[in-house]
Amino acid sequence: MTNHLETSEMLLNMGPQHPSTHGVLRLVLKLDGERVKAVECVIGYLHRGVEKIGENRTYMQFAPYVDRMDYISAVSNGLGYCLAVEQLIGAEAPPRAQIVRVLFAELNRIASHLLWLGTSALDLGAMTALFYTMREREEVLKIFENYCGARLTTHAFRIGGLQYELHDTFEAETRAFSEMFKKRLDEYEKLLTKNPIWVERLKGVGILTAEECKSYAVSGPMLRAAGVNWDLRKAQPYSGYEQFDFEIPVLHGADSYDRYRIRIEEMRQSLRIIDQALERIPSGAIMAKVPKVLKPAPGEVYVSIEAPKGELGYYIVSDGSLHPYRLRVRPPSFVNLASLEKMAVGALVADVVAIIGTIDIVLGEVDR
Amino acid sequence: MSQDAKPAPVMATEAWEDGLSDLLHSTFNTADTTAILKRETFRGQAFATTAADAFHPVIAWLRDTQNFDYLVDLTAVDHPSDPLCFELVAILYSFASNRRIRIKTFFDAESKPASLTNLYEAANWLEREVFDMFGIQFEGHPNLKRILMPDDWQGHPLLKERSIVDMDQDWVQKHLGIESGQ
């Protein structure tokens, strides 16, 4: 963006302490009246050097750090990291651990989408949804808490499997949640899906076509809202996702409204996976045989999973020592956010709020 | 895995499963030039190393003729003890064939690799991050400036010569008004 301004134009700083930027995102908007002519994202306020920390910790020591990137879906971060290191050392988690991982990852997907739904609706003035979604998210967090003692940064998995056996009440709690949540999803839809204000604010706003999505390497619900039927759980299944019967919702509007509908439908599909997984938790070990001190042979792997926000990847280079030689995180939020500079051009300032909302970013992951 | 045994290099130089590896080889390696230096697999993942000046053409060819229309990630690795101290790694994905490959290249500190921004929009921010973290300059990038660190920060944090506690003391003192961030 050039700093040259016509007489009718002005620069407006939005954030980093603006509630609708979901954390510490700063936008410099070049405006002509209410119209956005250009946008520049200023990020990095939450940069903690996660990749540098990774090079200075052992493989196991680094595992809890990944929870602090996308802290809304810490379980997914942990799953991706464990899978990457397991691939590097050639280990595989036992079947029982894999099913439990799927269960927690899908519960986490619901929790992540719920927080997204509540806060994005709040940004657009629909305050009620926040109280509904937080109430249901609480039930998911209680299951996490009962399992491992933590609600947000769970560190639920270990390299090679799980540290803890499932708690006795897990199945009952999860079943009760699934039963209750199906009806609650319908309630959200009644609140929002046909609400004229909601539709008016989202439909046709923030369009990013399939071609543009691919060029910007956008992944997750944004890509599927643009008509691309692509989800890593189906395209390159991991943790036994190929055994489950579920669908990938795809819509073609490529706008904010379809991103909303995709996420609602994804929560329904997550429930389907949870219901099936509960029926088939096998007995057996929860940890594979993994050395106490990890010294992977020299080599490099890239492993990615379908996190709630898109493709979350870990590129790990080992030089045969105790520490990763290089540990790169491919963050979905960072890559998806880059497309804002394209989507927001021509929109109104109020639309920018809607667009940021439906990208679904977490600045902890954008900045790392 | 025994703790005492010296880890053996397991990266095998072998042809990839499908014909892409051979096609890559026959397209870019001629009698006088070797553009594809190595083709390897590790743990079932395919990657190729190109000569520094072939990095951009190879990726452009993969995008245009082999449908690798998605730049998953672009990152770098620092090898300070080698003359070719920087390694650039691009991870590509093809929706049509549902496969991922990695293209890598090695170059020295003075070289400026060609920017991939004319091929993929995603390269814009990814290259800015590589520049910010490693100081690698990309030729032809429209807006190459820091993205995560402050604009006036000195140094590139992911270089191996930087310890984890290193920081730009002057910046910290000037902007935060404290003696040290440690």
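Each chain gets a letter, A, B and so on, in the order the sequences are listed, and its residues count up from 1.
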For [X], is it the side chain, the backbone, both or neither that has a heavy atom under 4.5 Å from a heavy atom of chain B?
| X | result |
| --- | --- |
| A:Asn56 | side chain |
| A:Leu88 | both |
| A:Ser219 | both |
| A:Leu327 | neither |

With respect to chain A, which residue among B:Leu74, B:Leu119, B:Asn124, B:Val89 yields the maximal number of heavy-atom pairs within a distance under 4.5 Å? B:Val89
Most contacts with chain A, counted as non-hydrogen pairs under 4.5 angstrom, among B:Ile147, B:Asp132, B:Asp69, B:Ile91: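 Option with the top pair count is B:Ile147.
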A:Glu311 vs B:Asp73, test: side chain to side chain contact (heavy atoms under 4.5 Å, CB included). Steps then yes/no. CA-CA 10 Å; A:Glu311 174 169 350; B:Asp73 200 4; over 6 Å; no
For [X], is it the side chain, the backbone, both, or neither that has a heavy atom closer than 4.5 Å to a heavy atom of chain A?
| X | result |
| --- | --- |
| B:Ala76 | backbone |
| B:Asp78 | backbone |
| B:Arg146 | neither |
| B:Leu159 | backbone |

Taking the side chain as everything from C-beta on, heavy atoms only, tell me whether A:Val335 gets closer than 4.5 Å to B:Trp125. no
Could you tell me whether the side chain of A:Gln87 reaches within less than 4.5 Å of the side chain of B:Gln45, counting heavy atoms only? yes
How about A:Lys342: does its NZ atom have over 12 heavy atoms from other parts shown lying under 6.0 Å from it? no
Neighbour count above 12 (heavy atom, 6.0 Å) for B:Lys112 NZ: no
Hey, is B:Glu87 close enough to A:Arg328 for a salt bridge, meaning N to O under 4.0 Å?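 No.
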NZ/NE/NH1/NH2 to OD/OE distance under 4.0 Å, A:Glu300 and B:Arg102: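 Judged by the 4.0 Å cut-off on N to carboxylate O distance, A:Glu300 and B:Arg102 do form a salt bridge.
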Nearest-0.5 Å distance that lies between atom [atom1] in [X] and atom [atom2] in [Y]:
| X | Y | atom1 | atom2 | result |
| --- | --- | --- | --- | --- |
| B:His79 | A:Arg326 | NE2 | CZ | 10.0 Å |
| A:Glu55 | B:Lys160 | CD | NZ | 3.5 Å |
| A:Ile43 | B:Glu129 | CD1 | CD | 7.5 Å |
| A:Arg368 | B:Leu148 | CZ | CG | 6.0 Å |

Using every non-hydrogen atom in the two residues, find where [X] and [Y] come nearest and quote the distance to one decimal.
| X | Y | result |
| --- | --- | --- |
| A:Ser304 | B:Arg100 | OG-NH2, 2.7 Å |
| B:Tyr70 | A:Ala217 | OH-O, 3.0 Å |
| A:Arg330 | B:Val72 | NE-O, 2.9 Å |

Residue among A:His47, A:Lys214, A:Glu341 with most heavy-atom pairs under 4.5 Å to chain B: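 Result: the option with the highest number of such pairs is A:Lys214.
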Which of the residues A:Ser339, A:Gly44, A:Ala338, A:Gly313 is involved in the greatest number of heavy-atom pairs with chain B at under 4.5 angstrom?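 The answer is A:Ala338.
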Candidate pair A:Trp230 and B:Tyr93, rule side-chain hydrogen bond (donor to acceptor under 3.5 Å, both in side chains), full reasoning: CA-CA 12 Å; A:Trp230 189 73; B:Tyr93 177 78; 2.7 Å; yes
